[in-house]
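Data first, discussion second: the structure below is written as structure tokens.
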Amino acid sequence: MSDSSLRVVWVYPDLLSTYGDQGNVLVVGRRAHQRGLNVDRIDVRSDQPVPTSGDIYLIGGGEDRPQRLAAERLVRDGGLQRAVDNGAIVFSVCAGYQILGHEFVNDQGERQPGLGLLDVTSVRGTGVRCVGDVLADMDEHLRLPQLTGFENHQGITHLGPTARPLARVRFGNGNGTGDGTEGAWNDTVFGTYMHGPVLARNPLIADLLLKLALDVNALPPVDDRWYEALRAERIAAATQPA
Amino acid sequence: MSGNSEPLSPRAKLAVSAGRAAAAVSRAAGRGSGSVIGGRVALKLDPDLLARLAGHLDVVLVSATNGKTTTTRLIAEALRSEPDDVVSNALGANMPAGITSALAGGSRARYGVIEVDEKYLSTVARDVTPKAIALLNLSRDQLDRAAETRMLAERWREGLAGTKALIVANADDPLVVWAASSSANVVWVAAGQEWKDDAWSCPSCGGVLQRPGDEWACGECGFRRPTPSWALSGDHVLDPHGSAWPIRLQLPGRANRANATTSAAVAAAFGVPPQTALERMFAVTAVAGRYDVVSYQGREVRLLLAKNPAGWLETFSLIDPPPAPVILSVNARGADGTDTSWLWDVDYGRLAGHPICVIGDRRLDLAVRLEVAGVDFQVCQTAEEAVRRCPPGRIEAIANYTAFQDLRRAVGN
Ligand SMILES: [Zn+2]
């Protein structure tokens with residue numbers, strides 16, 4: 001952490017904020033605030049430089065054309081890679097997740113380079129779009145309860161050797177590779193296909209990001225009653241056939 | 001602008017009466033108004049029926065993400081000078097089958113004022129050769145199944161290129177402007193658009209839009225807000241001559257005043273002066289329960305429909321200030337869209353100070369949303385319980401699509 005406040009950077013809300021993923025910023029901010037932390041939320045539009053001194057960077061999903069524009073601008077800007085070199089935490093969703101990989105297929109059907117911050121490569125699926133509630137077991141290294149979320153994507157994301165699957169799906173599609181993986185992570189960079197928004201459905205992932213940013217092992221507990229009730233409902237819903 | 005009177009072919013007449021029979025059967029079977037089923041039967045018998053029915057009328061099409069039902073009513077009233085001279089579609093029947101049924105409805109009609117689903121605008125505009133098309137706004141809606149917002153604008157743009165219709169379009173929505181500017185004949189209306197989060201990037205080139213005050217412009221390609229000839233200014237319509245006409249509506253809110261402004265601009269194209277048009281619009285009351293105030297459990301419950309983030313934002317700006325209690329109800333059934341993530345695009349912090357009860361299938365999503373917004377709330381199981389927890393007086397009840405239908409039923413509307 002740079003100084004007395006936690007710097008939470010919301011990357012490109014003008015392009016990548018279409019599926020309610022702004023909720024991830026709100027949940028991180030709220031849970032930090034409940035622990036007595038000052039939060040400095042920085043919204044960075046795609047015509048502004050990405051600051052390199054943030055603690056947590058959040059990137060959301062977007063439509064195909066904005067995804068192409070966002071990737072072009074992030075690659076050209078270079079700020080996010082420098083922030084990761086400085087030890088920043090990055091959490092990304094759907095189109096944002098694909099952009100963090102080596103490459104993805106854009107709205108013009110072309111392979112487009114991403115930021116290479118995650119060892120993943122995305123292509124466009126030819127089958128039906130993956131839409132619906134998902135239930136998955138989180139990577140055991142993360143020691144987190146089950147992942148619940150809502151997926152809505154056509155992408156297929158293949159993991160390379162230095163990316164670990166974020167979770168293994170029980171219900172739903174996740175990365176769409178057929179091997180049951182969902183999302184990817186390395187030490188400080190996370191990606192998932194889950195909306196919901198995913199941190200509202202899985203507040204302990206938000207806490208994990210805070211712990212990594214603060215370099216602490218534990219946080220004071222907060223009242224998770226409503227999150228727990230929502231999780232129970234959505235986990236039950238994911239296990240029902242549509 | 002006036003309709004021609006070429007008679008319907010025997011085949012078209014047969015299709016119309018078969019459609020009416022099917023609608024009657026459907027009504028008798030308790031399956032709603034029957035207009036969609038009737039239209040489907042008729043279209044199957046005569047695929048060109050829509051075009052032929054419309055050939056007898058001056059047709060106005062109305063499309064948008066929000067406000068198209070109300071605006072259709074406002075325009076219909078503004079144009080109506082005799083009881084039977086306007087036909088219009090039944091609520092929600094805004095796809096080709098429902099539209100066919102509406103146009104077949106009145107033999108003495110001169111005008112057809114037709115609400116069109118956003119996805120079908122290009123098709124219907126091609127089939128019915130409209131005289132005017134009103135375009136209000138485009139924003140995110142049911143993203144788990146609807147087309148992307150900019151794709152919709154692109155389809156409008158392609159579909160409307162070369163149309164002979166007069167386009168009456170909102171100059172304050174960049175997506176609408178982009179869609180409309182492929183047409184030769186456009187009247188721009190400064191109708192406002194509170195929701196801006198689907199139009200930060202230039203629909204033309206992808207550059208970032210700069211939005212100082214009411215203006216907007218792309219820094220890259222020069223695409224910018226056109227100069228409007230009509231405008232909503234407070235509670236007045238400003239016409240192209242600079243005259244201000246008072247808006248008096250039974251419908252609340254800025255969005256409805258914007259709809260009235262667009263409607264006045266459409267009516268003027270058919271020779272109805274703004275003053276007459278606006279006076280006629282006063283006749284429009286609640287549309288299918290929307291904005292209705294219902295006495296229930298000793299309280300006055302106002303029913304407000306909000307289906308997407310832009311709609312919620314406009315609704316927050318028209319409710320009574322605190323301490324007016326607010327009931328929020330959200331479902332995520334097929335007609336609502338099954339993804340509730342959009343709740344996080346709505347600034348529920350604006351409800352701070354109101355006592356809030358949440359209900360609906362997805363009340364727990366609302367609970368977490370409000371918890372994170374730092375707003376106090378209670379979770380209730382039913383509408384009745386929520387109403388009883390509110391003090392006597394006015395209650396503002398805001399619900400999305402199927403939740404709104406549930407709410408109407410619960411309070412006996
Ligand atoms: Zn531009």
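All chains are named by letter (A, B, ...) in the order of the sequence lines, taking the proteins before the strands, and each is independently numbered beginning at 1.
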Near [X] [atom1], under 6.0 Å, is it more than 12 heavy atoms from other residues, nucleotides or ligands?
| X | atom1 | result |
| --- | --- | --- |
| B/D347 | CG | yes |
| B/F316 | CZ | yes |
| A/R41 | CZ | yes |
| B/R225 | CZ | yes |
| A/R111 | CZ | no |

Of the backbone (N, CA, C, O) and the side chain (C-beta and beyond), which part of [X] lies under 4.5 Å from a heavy atom of chain A, both, or neither?
| X | value |
| --- | --- |
| B/R150 | both |
| B/L343 | neither |
| B/Q210 | side chain |

Counting only heavy atoms closer than 4.5 Å, note whether [X] contacts chain B via side chain, backbone, both or neither.
| X | value |
| --- | --- |
| A/R201 | side chain |
| A/L26 | both |
| A/E151 | neither |
| A/D64 | both |
| A/L230 | both |

Problem - Spacing of B/D339 atom CG and A/D133 atom CG [to the nearest 0.5 Å] - result: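 Taking CG in B/D339 and CG in A/D133, the distance rounds to 8.5 Å.
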Exercise for the section: Enter the distance from A/F150:CZ to B/T338:OG1 here, rounded to the nearest 0.5 Å. Expected result: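 That separation rounds to 3.5 Å.
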Exercise for the section: Taking the side chain as every heavy atom from C-beta outward, state whether B/L364 and A/R231 have any atom pair closer than 4.5 Å. Expected result: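 Contact flag for B/L364/A/R231 side chains = no.
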Practice task
Would you mind reporting whether B/W344 and A/V25 have side-chain heavy atoms less than 4.5 Å apart?
Solution key: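 Counting from C-beta outward, A/V25 and B/W344 never come under 4.5 Å.
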Exercise for the section: Heavy-atom pairs under 4.5 Å with chain B are the metric here; pick the option from A/R31, A/R73, A/Q34 that has the most. Expected result: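 That would be A/R73.
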Exercise for the section: Would you mind telling me which of A/R234, A/E233, A/R65 has the largest number of heavy-atom pairs within less than 4.5 Å of chain B? Expected result: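 Of the options given, most contacts go to A/R65.
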Exercise for the section: Locate the shortest heavy-atom distance separating A/Q22 from B/D345; write the atom from each residue and the value. Expected result: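 So the minimum-distance heavy-atom pair works out to NE2-OD1, 3.9 Å.
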Problem - Nearest heavy-atom neighbours spanning A/G196 and B/S341 - result: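 It is N-OG, 3.0 Å.
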Practice task
Kindly write out the residues that satisfy side chain to side chain contact (heavy atoms under 4.5 Å, CB included) with B/C380, not counting sequence neighbours, or none if the list is empty.
Solution key: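 Per chain and number, B/C380 pairs via side chain to side chain contact (heavy atoms under 4.5 Å, CB included) with B/C357, B/I359, B/E385, B/A386, B/R389.
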Problem - Charged N-O contact under 4.0 Å between A/R225 and B/E371 - result: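 Salt bridge between A/R225 and B/E371, a charged N being under 4.0 Å from a carboxylate O: no.
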Problem - Candidate pair B/V372 and A/Y227, rule side-chain contact (heavy atoms from CB on, under 4.5 Å), full reasoning - result: CA-CA 10 Å; B/V372 171; A/Y227 295 100; 3.3 Å; yes
Practice task
With sequence neighbours excluded, tell me which residues meet salt bridge (Lys or Arg N to Asp or Glu O under 4.0 Å) with B/D197.
Solution key: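 Per chain and number, B/D197 pairs via salt bridge (Lys or Arg N to Asp or Glu O under 4.0 Å) with no residue.
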